[in-house]
Number of protein chains: 2
Amino acid sequence: MLNERSLTVHQDCDQCPIRHRAVCARCESDELERLEEIKYYRKFEAGQMVIWSGDKMDFVGSVVSGIASLTQTMEDGRTQMVGLLLPSDFVGRPGRLTAAYDVIATTDLVMCCFRKSPFEEMMLRTPHIAQRLLEMTLDELDAAREWMLVLGRKTAREKIASLLAIIARRDASLHMTTRAQDGSVAFELPLTREAMADYLGLTLETVSRQISALKKDGVIVLAGKRHVTVPDLERLMEEAGDDTDGGMLV
Amino acid sequence: MLNERSLTVHQDCDQCPIRHRAVCARCESDELERLEEIKYYRKFEAGQMVIWSGDKMDFVGSVVSGIASLTQTMEDGRTQMVGLLLPSDFVGRPGRLTAAYDVIATTDLVMCCFRKSPFEEMMLRTPHIAQRLLEMTLDELDAAREWMLVLGRKTAREKIASLLAIIARRDASLHMTTRAQDGSVAFELPLTREAMADYLGLTLETVSRQISALKKDGVIVLAGKRHVTVPDLERLMEEAGDDTDGGMLV
DNA sequence: CGTTATTTTGACGCTATTCAAAACCAGTGG
DNA sequence: CCACTGGTTTTGAATAGCGTCAAAATAACG
């Protein structure tokens, strides 16, 4: 089901926005050249399915721009988001035939794809790729485990605060975003209430209620439904139940 | 705080019970020899702390026998287990200075340790180690994500059933365990009710109640508090809310 | 046999879910 | 410009499920 918009022209790795963070981050120029031979871009519109759980995976790749989600679904329809894929994040698992999760484009999405078997071959010959992938996978594992604490032990209010804090932090690190001199942070919510609920293990009604509560209590300020301003990030982190006095992850 | 029992004699890798599954699984004999130079064994008693979150990590290693748990704790004492470390599982994260989680010996535990910086050095020169570690980390990531569904979306009863199913499956794969001809499976629970609660994001009272309920409904049979018999594994999987018709993870 | 840890059971309360309806919003076409 | 549509979000009321507190029962241990 490729429409015209799902294919894009070849683009140079040098000017790639995720050049220094993606799986190719450690590659030398000659290694990049070989990667360029097997890479191609694909575009997806918001809501589109990128990969179906159980399907054969014929490519792996990196998120270039936009957001995708990894979700798991039970027979009766309950769904849990198990990962949020941001620019530079890697999709797919070398060494496995079929996809374990649904991958859905949450926003409009551009991916840099590699056909799977050439990529796997190249990984064997190119330690720089395997090393970087290991590093990224370890980071993802940490993120997944951090999220297990959120899912297992936090209240609905803390869950919402945790999600907002994560988005705020990431947004701040990515593009030196709207961070006013008074220390307030502002960002656009990339997720619907339902997507937030699926990420947090809540219902969308509870998400809505808790956002309203945080707003009433002045922890956040809303402009429209999606634009969030956090006057005091420390306050938000406290609400999230996180160690406010500096994380120890060095 | 090393007591005498925490150190053990050097032992040959050839006869190691986790030789084919641990981080060293792909090593050639010459690579093993170099590993043997930097390895040493440590024993821990049930309940002992192996690593404290935030502490400097000066070693990494593999679980040889016994069970350890990775847990995260909030300031107010709420705790969530984020990983169950079984024989052959890897502990520690190359490339990071301090530990992100508490590691606790759930049962008596033997670990095969490597001093961290020699191991990191060796990883750079030995693709076989890095490759295997990547593979193991990807598996752990999958396990963590599977667990996110359990924590986020399953009921207390389903959570208990899921845990029992996991232990049963693993026990069956490890040592061709007590699997009677009628298809029933039996195993020893390696966790206290409290540890189960910490893993499942429940209270120990709820764990106890749900185990009683599963017992009353004939899904499991208890001999003592810890010895579990599962007459019908399919039935247990249904109770866990899992796809009973064969998982698609190939 | 007493002491302590672990587990079970009960009664009650609270949080989050469920079901339902209304408000809001963006887009489309008359 | 307005009415109509479908999707998203908010709000309300009632309920269920799990947590909390308390106490008893059981097992482990010296």
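All values below come from the heavy atoms of this structure, side chains included, with hydrogens, waters and symmetry mates left out.
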Give the rounded distance in Å between these two atoms: [atom1] of [X] and [atom2] of [N].
| X | N | atom1 | atom2 | result |
| --- | --- | --- | --- | --- |
| A:Gln210 | C:dA16 | CD | P | 6 Å |
| A:Leu200 | C:dT15 | CG | C1' | 16 Å |
| B:Leu189 | D:dA27 | CG | P | 16 Å |
| A:Arg226 | C:dA26 | CZ | C1' | 12 Å |
| B:Glu188 | D:dA27 | CD | P | 14 Å |
| B:Arg193 | D:dA27 | CZ | P | 12 Å |
| A:Leu191 | D:dT8 | CG | C1' | 14 Å |
| A:Arg153 | D:dG19 | CZ | C1' | 10 Å |

Pair [X] + [Y], salt bridge at N-O below 4.0 Å:
| X | Y | value |
| --- | --- | --- |
| B:Glu205 | B:Arg209 | no |
| B:Glu140 | A:Arg145 | yes |
| B:Asp76 | A:Arg153 | no |

Please work out if [X] contacts a base, only the sugar-phosphate, or nothing of the nucleic acid, heavy-atom cut-off 4.0 Å.
| X | value |
| --- | --- |
| B:Ser212 | sugar-phosphate |
| B:Gly47 | nothing |
| B:Arg157 | nothing |
| A:Leu204 | base |
| A:Thr206 | base |
| B:Ser208 | base |

Any idea which of C:dA16, D:dC18, D:dT9 is nearest the B:Thr155 side chain?
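My answer, after comparing the listed nucleotides, is D:dC18.
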
Among the nucleotides D:dT9, D:dT20, C:dT7, whichever has the atom closest to the side chain of B:Thr203 is D:dT20

Residue among B:Ile167, B:Val63, B:Ile67 satisfying side chain to side chain contact (heavy atoms under 4.5 Å, CB included) with B:Leu86
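In the set B:Ile167, B:Val63, B:Ile67, the residue that makes a side chain to side chain contact (heavy atoms under 4.5 Å, CB included) with B:Leu86 is B:Ile67.
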
Taking all atoms of both residues into account, what is the closest heavy-atom pair of B:Met196 and B:Leu191, and its distance?
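Smallest heavy-atom distance, with atoms named: CG-CB, 3.8 Å.
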
Find which nucleotide of DNA chain C each of A:Lys225 and B:Val207 is nearest to by heavy atoms, and output the residue with the more 5' nucleotide.
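Its nearest nucleotide lies further toward 5', so the answer is B:Val207.
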
Within the structure, does a side-chain N or O atom of B:Arg209 lie under 4.0 Å from either OP1 or OP2 of C:dT9?
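No, outside the criterion.
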
Looking at B:Glu205 and D:dC18, is any side-chain donor or acceptor paired with a base atom of the opposite kind under 3.5 Å?
no

